[in-house]
There are 2 protein chains.
Amino acid sequence: MIEITDPRIDKYIMGLAPESDSLLLEMEKKAKASGFPIVDPLVGRLLYLLTRLKQPALIVEMGSGFGYSAYWFAKALSIRGKIVLIDKEEAHISHARKVFSDSDLFDRAEFRVGDALQVAREYQGIDLLFIDIDKHQYLDAVMAIAPMLAKNALVIADNSLWHGNVAEGMTDRDTVGIDKFNRHMFSSNDFFTSIVPLRDGVLLAYKLTES
Amino acid sequence: MIEITDPRIDKYIMGLAPESDSLLLEMEKKAKASGFPIVDPLVGRLLYLLTRLKQPALIVEMGSGFGYSAYWFAKALSIRGKIVLIDKEEAHISHARKVFSDSDLFDRAEFRVGDALQVAREYQGIDLLFIDIDKHQYLDAVMAIAPMLAKNALVIADNSLWHGNVAEGMTDRDTVGIDKFNRHMFSSNDFFTSIVPLRDGVLLAYKLTES
């Protein structure tokens, strides 16, 4: 494990951006109390900004957990935009639905329980694909869903540095999975790819070829 | 000074993205040999990706140096797009012009020598503003050019973590200048702001209000 970013840097940036959205704060509290992994607020802010830039009509999330990242995406969507949350755990999606129903974003969201690789395949013309499922499945996920991506789609994958383990050449299934995915995305002619070392690493890939 | 990102992480990401554009490689070599500061290749890739997402018609660069970041921007522009390079050093702009004239991007670029705060003011409807001038001038720069920004413009500022000095509360003019700029951008209602801890920190701000 490598400390990707110096913690004083994270603290400084966090101090610049105090959060006031009570639903986000509640979800952050729940994540901390239960030890459930969420993208942190700094990643949330990046997702929000990228979504505002991209103005997607359709976002599909593979691995939504209880909806923290989806909530950031949904806040950034225009009223025409839609986000599909997918998680294999009924309890997570049920909690996400509850959070969204307490907000004014409920109408922009669709909630699906199931295998993300199966469910995501049902959607055509995905403008923004977010991948946060089991780490050894990342490459399979992008291969399976690539045909469903719209022209100039944006693919975002969380944990692309996997605690720095990819830089240390660890050989466990998850590290190897993430590393294979990264190498595929950077060498593919279909995408232009970059990794942002924010929190656990956020991979950004812009689809170059038309679909 | 703080090491913002663990160097093993930078090395890993760099290894994923071998550069083949000979003009970029030449500029990187020149920067290394002369000790001239350029945004590094990883920041260059992020600029490219953001430009593809944003599809700006007009990019204005305040502080272009010899054109390394401008070259990344220009590569990402559509043929309708234009980038204005501004630097106070005639020699830098002259070198940038030479680099661009060796590429197929020359027609997308305009080359200006002068005080960036004065020159940038001549342009209306800026879709993407890049700030990389003297660090104590950042806040003045964004205040001066804000009226020239188009609706939903993207502002990108390099060195927003300034060797980590902002997180250590240093009180020299440059650190204070960057810190004031960061605080302004995060607290402004006109922008939604995020900092990416890539290299020396890249601030991204999305203009929320219409102009």
Problem set entry | Heavy-atom proximity to chain A below 4.5 Å, by part of Leu154(B) | side chain

For this session: Name the option with the most non-hydrogen atom pairs under 4.5 Å to chain B; the candidates are Leu50(A), Val202(A), Val196(A).
Result: Val196(A)

Exercise. So what's closer than 4.5 Å to chain A heavy atoms on Asp10(B): side chain, backbone, both or neither?
Worked result: neither

Exercise. Looking at Phe66(B), does the NZ or CZ of Lys30(B) lie under 6.0 angstrom from its six-membered ring centre and within 45 degrees of the ring axis?
Worked result: yes

Seminar exercise, completed: Looking only at Pro197(B), Gly201(B), Ala205(B), Ser160(B), most heavy-atom pairs under 4.5 Å shared with chain A are made by Pro197(B)

Problem set entry | chain B contacts, top residue of Ile9(A), Leu46(A), Leu204(A) (heavy-atom pairs, under 4.5 Å) | Ile9(A)

Exercise. Checking Tyr71(B) side chain against Gly44(B) main chain: does a donor-acceptor pair fall under 3.5 Å?
Worked result: no

Seminar exercise, completed: The single option from Tyr68(A), Tyr48(A), Phe130(A), Phe100(A) that satisfies ring pair (Phe, Tyr, Trp, His ring centres under 6.0 Å) with Phe73(A) is Phe130(A)

For this session: May I have the step-by-step check of side chain to side chain contact (heavy atoms under 4.5 Å, CB included) for Ile86(B) and Glu61(B), ending in yes or no?
Result: CA-CA 6 Å; Ile86(B) 313 173; Glu61(B) 261 203 353; 5.8 Å; no

Problem set entry | Under 3.5 Å: donor-acceptor pair, side chain of Ser188(A), backbone of Met185(A) | no

Exercise. What part of Leu161(B) gets closer than 4.5 Å to chain A, counting heavy atoms only: side chain, backbone, both or neither?
Worked result: side chain

Seminar exercise, completed: Max heavy-atom pairs within cutoff under 4.5 Å with chain A, candidates Ile4(B), Leu42(B), Ile195(B), goes to Ile4(B)

Exercise. With a cut-off of under 6.0 Å to the ring centre and 45° to the axis, is Arg52(A) in cation-pi contact with Phe192(B)?
Worked result: no

Exercise. Does the Glu168(B) side chain pair with the main chain of Met1(B), one donor and one acceptor, at a distance under 3.5 Å?
Worked result: yes

Exercise. Who among Val166(A), Asp179(A), Thr193(A) has the most heavy-atom pairs with chain B under 4.5 Å?
Worked result: Val166(A)

For this session: Would you mind telling me which of Asn182(A), Leu49(A), Ile13(A) has the largest number of heavy-atom pairs within less than 4.5 Å of chain B?
Result: Leu49(A)

